[in-house]
Amino acid sequence: DTGVSQDPRHKITKRGQNVTFRCDPISEHNRLYWYRQTLGQGPEFLTYFQNEAQLEKSRLLSDRFSAERPKGSFSTLEIQRTEQGDSAMYLCASSLSGHEQYFGPGTRLTVT
Amino acid sequence: GQNIDQPTEMTATEGAIVQINCTYQTSGFNGLFWYQQHAGEAPTFLSYNVLDGLEEKGRFSSFLSRSKGYSYLLLKELQMKDSASYLCAAASGGSYIPTFGRGTSLIVHP
(Lines give C-alpha, C1' and ligand atoms only; values in the text may rest on other atoms or scores of the structure.)
Protein backbone atom coordinates (compact mmCIF):
# COMPACT_ATOMS: atom_id res chain seq x y z
CA ASP A 1 0.00 0.00 0.00
CA THR A 2 1.62 3.25 -1.21
CA GLY A 3 -0.84 5.56 0.54
CA VAL A 4 -2.57 6.53 -2.71
CA SER A 5 -6.13 5.24 -2.94
CA GLN A 6 -8.48 5.01 -5.90
CA ASP A 7 -12.18 4.37 -6.06
CA PRO A 8 -13.79 2.33 -7.44
CA ARG A 9 -11.34 -0.49 -8.07
CA HIS A 10 -13.48 -1.94 -10.84
CA LYS A 11 -16.15 -0.38 -13.03
CA ILE A 12 -18.25 -2.04 -15.70
CA THR A 13 -20.35 0.30 -17.79
CA LYS A 14 -22.27 0.27 -21.02
CA ARG A 15 -21.09 2.17 -24.04
CA GLY A 16 -22.36 5.74 -24.01
CA GLN A 17 -22.55 6.07 -20.23
CA ASN A 18 -20.51 8.53 -18.18
CA VAL A 19 -18.13 7.34 -15.48
CA THR A 20 -16.19 9.16 -12.77
CA PHE A 21 -13.16 7.92 -10.88
CA ARG A 22 -11.64 9.31 -7.71
CA CYS A 23 -8.03 9.47 -6.54
CA ASP A 24 -6.87 10.36 -3.03
CA PRO A 25 -3.13 11.11 -3.07
CA ILE A 26 -0.68 11.05 -0.20
CA SER A 27 -1.74 14.07 1.84
CA GLU A 28 1.40 16.22 1.57
CA HIS A 29 1.93 15.54 -2.14
CA ASN A 30 1.18 18.54 -4.33
CA ARG A 31 1.71 16.78 -7.67
CA LEU A 32 -0.90 14.41 -9.05
CA TYR A 33 -0.83 12.47 -12.31
CA TRP A 34 -3.41 10.38 -14.18
CA TYR A 35 -2.41 7.57 -16.53
CA ARG A 36 -4.13 4.92 -18.60
CA GLN A 37 -2.66 1.45 -19.10
CA THR A 38 -3.76 -1.33 -21.41
CA LEU A 39 -2.52 -4.90 -21.42
CA GLY A 40 1.07 -5.26 -22.56
CA GLN A 41 1.72 -1.53 -22.61
CA GLY A 42 3.32 0.89 -20.23
CA PRO A 43 1.22 3.58 -18.55
CA GLU A 44 0.22 6.42 -20.89
CA PHE A 45 0.16 9.93 -19.44
CA LEU A 46 -3.23 11.65 -19.41
CA THR A 47 -2.99 14.76 -17.25
CA TYR A 48 -1.03 16.44 -14.45
CA PHE A 49 -1.96 18.72 -11.56
CA GLN A 50 0.19 20.80 -9.32
CA ASN A 51 -1.99 21.66 -6.35
CA GLU A 52 -5.38 22.55 -7.88
CA ALA A 53 -3.97 23.72 -11.22
CA GLN A 54 -4.13 21.40 -14.22
CA LEU A 55 -0.79 22.16 -15.84
CA GLU A 56 -0.44 19.47 -18.47
CA LYS A 57 -2.86 17.50 -20.59
CA SER A 58 -1.95 14.86 -23.15
CA ARG A 59 -2.74 15.77 -26.75
CA LEU A 60 -4.06 12.23 -27.07
CA LEU A 61 -6.79 12.98 -24.55
CA SER A 62 -10.11 13.50 -26.25
CA ASP A 63 -12.56 16.15 -25.08
CA ARG A 64 -14.69 13.37 -23.56
CA PHE A 65 -12.15 13.23 -20.74
CA SER A 66 -12.03 15.83 -17.99
CA ALA A 67 -10.22 15.96 -14.69
CA GLU A 68 -10.42 18.17 -11.64
CA ARG A 69 -8.59 18.67 -8.40
CA PRO A 70 -10.77 21.31 -6.75
CA LYS A 71 -8.98 21.83 -3.45
CA GLY A 72 -5.58 20.52 -4.35
CA SER A 73 -6.24 17.27 -2.53
CA PHE A 74 -8.33 14.51 -4.14
CA SER A 75 -8.87 14.41 -7.89
CA THR A 76 -11.60 13.09 -10.17
CA LEU A 77 -11.38 11.85 -13.74
CA GLU A 78 -14.61 11.78 -15.75
CA ILE A 79 -15.14 10.05 -19.06
CA GLN A 80 -18.27 11.04 -20.94
CA ARG A 81 -20.02 8.89 -23.56
CA THR A 82 -17.70 5.95 -22.95
CA GLU A 83 -16.49 3.86 -25.88
CA GLN A 84 -15.15 0.31 -25.92
CA GLY A 85 -11.69 1.69 -26.61
CA ASP A 86 -11.78 3.39 -23.20
CA SER A 87 -11.51 -0.01 -21.50
CA ALA A 88 -8.24 0.10 -19.58
CA MET A 89 -6.69 0.45 -16.15
CA TYR A 90 -6.75 4.07 -14.98
CA LEU A 91 -3.88 4.84 -12.64
CA CYS A 92 -3.32 7.81 -10.39
CA ALA A 93 0.07 8.74 -8.96
CA SER A 94 1.17 11.43 -6.53
CA SER A 95 4.53 12.98 -5.83
CA LEU A 96 6.19 15.68 -3.78
CA SER A 97 9.22 16.30 -5.97
CA GLY A 98 8.22 14.69 -9.26
CA HIS A 99 11.24 12.41 -8.98
CA GLU A 100 9.40 9.60 -7.22
CA GLN A 101 5.78 8.92 -8.08
CA TYR A 102 3.63 6.72 -5.89
CA PHE A 103 0.91 4.89 -7.79
CA GLY A 104 -2.50 3.94 -6.53
CA PRO A 105 -3.97 0.47 -7.17
CA GLY A 106 -5.87 1.68 -10.22
CA THR A 107 -9.45 1.55 -11.45
CA ARG A 108 -10.13 -1.11 -14.04
CA LEU A 109 -12.77 0.10 -16.51
CA THR A 110 -14.63 -2.30 -18.76
CA VAL A 111 -16.95 -0.79 -21.37
CA THR A 112 -19.44 -3.29 -22.81
CA GLY B 1 8.58 13.00 -30.38
CA GLN B 2 9.24 10.64 -27.55
CA ASN B 3 10.46 7.10 -28.02
CA ILE B 4 11.41 4.46 -25.46
CA ASP B 5 12.78 1.08 -26.48
CA GLN B 6 13.36 -1.93 -24.21
CA PRO B 7 13.30 -5.70 -24.76
CA THR B 8 9.91 -7.36 -24.51
CA GLU B 9 10.94 -10.35 -22.45
CA MET B 10 13.94 -11.77 -20.63
CA THR B 11 14.51 -14.92 -18.63
CA ALA B 12 17.11 -15.57 -15.93
CA THR B 13 17.98 -18.06 -13.24
CA GLU B 14 17.45 -17.56 -9.53
CA GLY B 15 20.62 -16.19 -7.93
CA ALA B 16 21.98 -14.81 -11.21
CA ILE B 17 22.45 -11.22 -12.45
CA VAL B 18 20.37 -9.68 -15.22
CA GLN B 19 20.71 -6.36 -17.06
CA ILE B 20 17.68 -4.76 -18.68
CA ASN B 21 18.56 -2.15 -21.29
CA CYS B 22 16.58 0.89 -22.34
CA THR B 23 17.21 3.47 -25.05
CA TYR B 24 15.28 6.70 -25.23
CA GLN B 25 14.71 9.76 -27.34
CA THR B 26 12.88 12.60 -25.68
CA SER B 27 12.81 16.39 -25.82
CA GLY B 28 13.40 18.34 -22.62
CA PHE B 29 14.93 15.29 -20.94
CA ASN B 30 14.77 15.55 -17.17
CA GLY B 31 15.66 12.12 -15.87
CA LEU B 32 15.13 8.41 -16.33
CA PHE B 33 12.84 6.29 -14.16
CA TRP B 34 12.66 2.58 -13.60
CA TYR B 35 9.51 1.00 -12.17
CA GLN B 36 8.63 -2.58 -11.26
CA GLN B 37 5.14 -3.84 -11.96
CA HIS B 38 3.84 -7.24 -10.87
CA ALA B 39 0.94 -8.67 -12.81
CA GLY B 40 -2.34 -7.04 -11.85
CA GLU B 41 -0.67 -4.47 -9.59
CA ALA B 42 0.34 -0.83 -9.90
CA PRO B 43 3.92 0.18 -10.76
CA THR B 44 6.37 0.60 -7.89
CA PHE B 45 9.19 3.16 -8.07
CA LEU B 46 12.70 1.68 -8.26
CA SER B 47 15.04 4.47 -9.33
CA TYR B 48 15.50 7.92 -10.83
CA ASN B 49 18.70 8.98 -12.63
CA VAL B 50 19.34 12.44 -13.98
CA LEU B 51 23.16 12.48 -13.97
CA ASP B 52 25.43 10.10 -15.86
CA GLY B 53 26.68 7.12 -13.95
CA LEU B 54 25.63 4.22 -11.82
CA GLU B 55 23.42 4.41 -8.76
CA GLU B 56 23.20 1.41 -6.49
CA LYS B 57 20.33 0.62 -4.18
CA GLY B 58 20.58 -2.79 -2.58
CA ARG B 59 20.25 -5.56 -5.15
CA PHE B 60 19.15 -3.07 -7.83
CA SER B 61 21.39 -0.61 -9.67
CA SER B 62 20.54 1.83 -12.44
CA PHE B 63 22.86 3.40 -14.99
CA LEU B 64 22.42 6.42 -17.23
CA SER B 65 24.33 7.81 -20.21
CA ARG B 66 22.66 11.03 -21.37
CA SER B 67 24.92 11.42 -24.41
CA LYS B 68 23.95 7.96 -25.65
CA GLY B 69 20.30 8.10 -24.62
CA TYR B 70 20.84 4.84 -22.80
CA SER B 71 20.04 3.36 -19.41
CA TYR B 72 20.09 -0.05 -17.82
CA LEU B 73 18.68 -1.66 -14.72
CA LEU B 74 20.88 -4.28 -13.08
CA LEU B 75 19.34 -6.85 -10.77
CA LYS B 76 21.66 -8.99 -8.67
CA GLU B 77 21.04 -12.17 -6.68
CA LEU B 78 17.78 -12.73 -8.47
CA GLN B 79 14.85 -14.05 -6.48
CA MET B 80 11.65 -15.63 -7.74
CA LYS B 81 9.71 -12.59 -6.52
CA ASP B 82 11.67 -10.45 -9.01
CA SER B 83 9.56 -11.95 -11.80
CA ALA B 84 7.68 -8.87 -12.99
CA SER B 85 7.53 -6.27 -15.72
CA TYR B 86 10.21 -3.57 -15.54
CA LEU B 87 9.21 -0.22 -16.99
CA CYS B 88 11.68 2.33 -18.27
CA ALA B 89 10.39 5.90 -18.48
CA ALA B 90 12.03 9.13 -19.61
CA ALA B 91 10.86 12.31 -17.87
CA SER B 92 10.59 15.65 -19.60
CA GLY B 93 10.17 19.19 -18.40
CA GLY B 94 9.66 20.57 -14.92
CA SER B 95 6.50 18.54 -14.50
CA TYR B 96 8.50 15.31 -14.79
CA ILE B 97 5.95 13.88 -17.17
CA PRO B 98 7.21 10.36 -17.92
CA THR B 99 6.96 8.59 -21.24
CA PHE B 100 6.93 4.89 -20.48
CA GLY B 101 8.25 2.04 -22.58
CA ARG B 102 6.16 -1.09 -23.03
CA GLY B 103 8.01 -2.82 -20.24
CA THR B 104 10.33 -5.82 -20.09
CA SER B 105 8.74 -8.96 -18.70
CA LEU B 106 11.37 -10.72 -16.59
CA ILE B 107 10.87 -14.38 -15.79
CA VAL B 108 13.05 -15.82 -13.04
CA HIS B 109 13.18 -19.60 -12.95
CA PRO B 110 14.72 -21.96 -10.37
Side-chain angles (χ1 to χ4, degrees), chain A residues 1-7 9-10 21 23-26 29-51 53-61 67 69 88-108 110, chain B residues 1-9 20 22-24 26-51 55 57 60 62 64 71 73 84-107:
Chain A
D1 184 358
T2 62
V4 180
S5 61
Q6 291 187 245
D7 184 69
R9 296 291 305 276
H10 303 273
F21 309 141
C23 171
D24 286 89
I26 294 170
H29 285 184
N30 59 342
R31 299 173 184 247
L32 188 145
Y33 306 77
W34 282 99
Y35 300 88
R36 175 173 61 192
Q37 186 175 26
T38 53
L39 198 61
Q41 304 292 322
E44 175 189 27
F45 168 74
L46 295 178
T47 191
Y48 161 68
F49 290 86
Q50 187 159 329
N51 300 308
Q54 187 175 20
L55 298 185
E56 300 265 358
K57 192 173 174 181
S58 169
R59 280 171 284 179
L60 301 174
L61 205 62
R69 194 182 183 197
M89 177 73 85
Y90 289 83
L91 294 163
C92 170
S94 73
S95 178
L96 193 55
S97 65
H99 299 176
E100 186 168 343
Q101 296 186 21
Y102 294 85
F103 281 82
T107 294
R108 181 167 295 283
T110 303
Chain B
Q2 324 270 31
N3 190 43
I4 311 293
D5 195 30
Q6 55 181 128
T8 303
E9 188 175 293
I20 303 174
C22 171
T23 57
Y24 65 90
T26 187
S27 55
F29 178 76
N30 198 11
L32 196 291
F33 297 98
W34 283 96
Y35 283 85
Q36 179 191 61
Q37 187 173 28
H38 286 99
E41 298 182 11
T44 302
F45 172 83
L46 292 177
S47 67
Y48 170 77
N49 295 61
V50 66
L51 301 177
E55 292 205 8
K57 194 186 292 185
F60 292 8
S62 55
L64 178 66
S71 173
L73 181 70
S85 180
Y86 290 85
L87 299 161
C88 172
S92 61
S95 305
Y96 297 92
I97 305 296
T99 299
F100 283 87
R102 297 179 67 171
T104 297
S105 178
L106 174 66
I107 301 167

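Proteins get letters first, then strands, A, B, ... in listed order; numbering begins at 1 in each. Just so you know, these numbers use all the heavy atoms, side chains as well, and skip hydrogens, waters and symmetry mates.
Side-chain N/O atoms of B:Thr104 and B:Gln6 include a donor and acceptor closer than 3.5 Å. Between the side chains of B:Asn49 and B:Ser62, a donor-acceptor pair is found at a separation under 3.5 Å. Donor-acceptor pairing under 3.5 Å is lacking for the side chains of B:Thr44 and B:Gln37.
Residue with the most contacts toward chain A among B:Leu46, B:Val50, B:Ile97, B:Ile4: B:Ile97 (heavy-atom pairs, distance under 4.5 Å). Looking only at heavy-atom pairs under 4.5 Å with chain A, the residue among B:Ser105, B:Pro43, B:Gly31 that has the most is B:Pro43. For chain B, the option among A:Gln37, A:Met89, A:Glu100 with the highest count of heavy-atom pairs below 4.5 Å is A:Glu100. By number of non-hydrogen pairs under 4.5 angstrom with chain B, the leading residue of A:Arg108, A:His99, A:Gln101 is A:His99.
Using a 4.5 Å cut-off between heavy atoms, A:Tyr102 makes no contact with chain B at all. Neither the backbone nor the side chain of A:Ser95 comes within contact range of chain B, judged by heavy atoms closer than 4.5 Å. At a 4.5 Å heavy-atom cutoff, the contact between A:Pro105 and chain B is made by backbone atoms alone. Of the atoms belonging to A:Gln50, not a single heavy atom falls under 4.5 Å from chain B. The contact between B:Tyr48 and chain A is made entirely by side chain atoms (from C-beta outward), counting heavy-atom distances below 4.5 Å. Heavy-atom distances place the side chain of A:Glu56, and not its backbone, under 4.5 Å from chain B.
B:Tyr35 and B:Phe33 have tilted rings, their planes meeting at an angle from 30° to 60° on a 0 to 90° scale. By the 30° and 60° cut-offs, the orientation of the rings of B:Phe100 relative to A:Phe103 is perpendicular.
Put simply, the side chain of A:Arg69 gets close to the backbone of A:Asn51: a donor and an acceptor are under 3.5 Å apart. Side chain of A:Gln6 to backbone of A:Gly106: a donor-acceptor contact under 3.5 angstrom is found.
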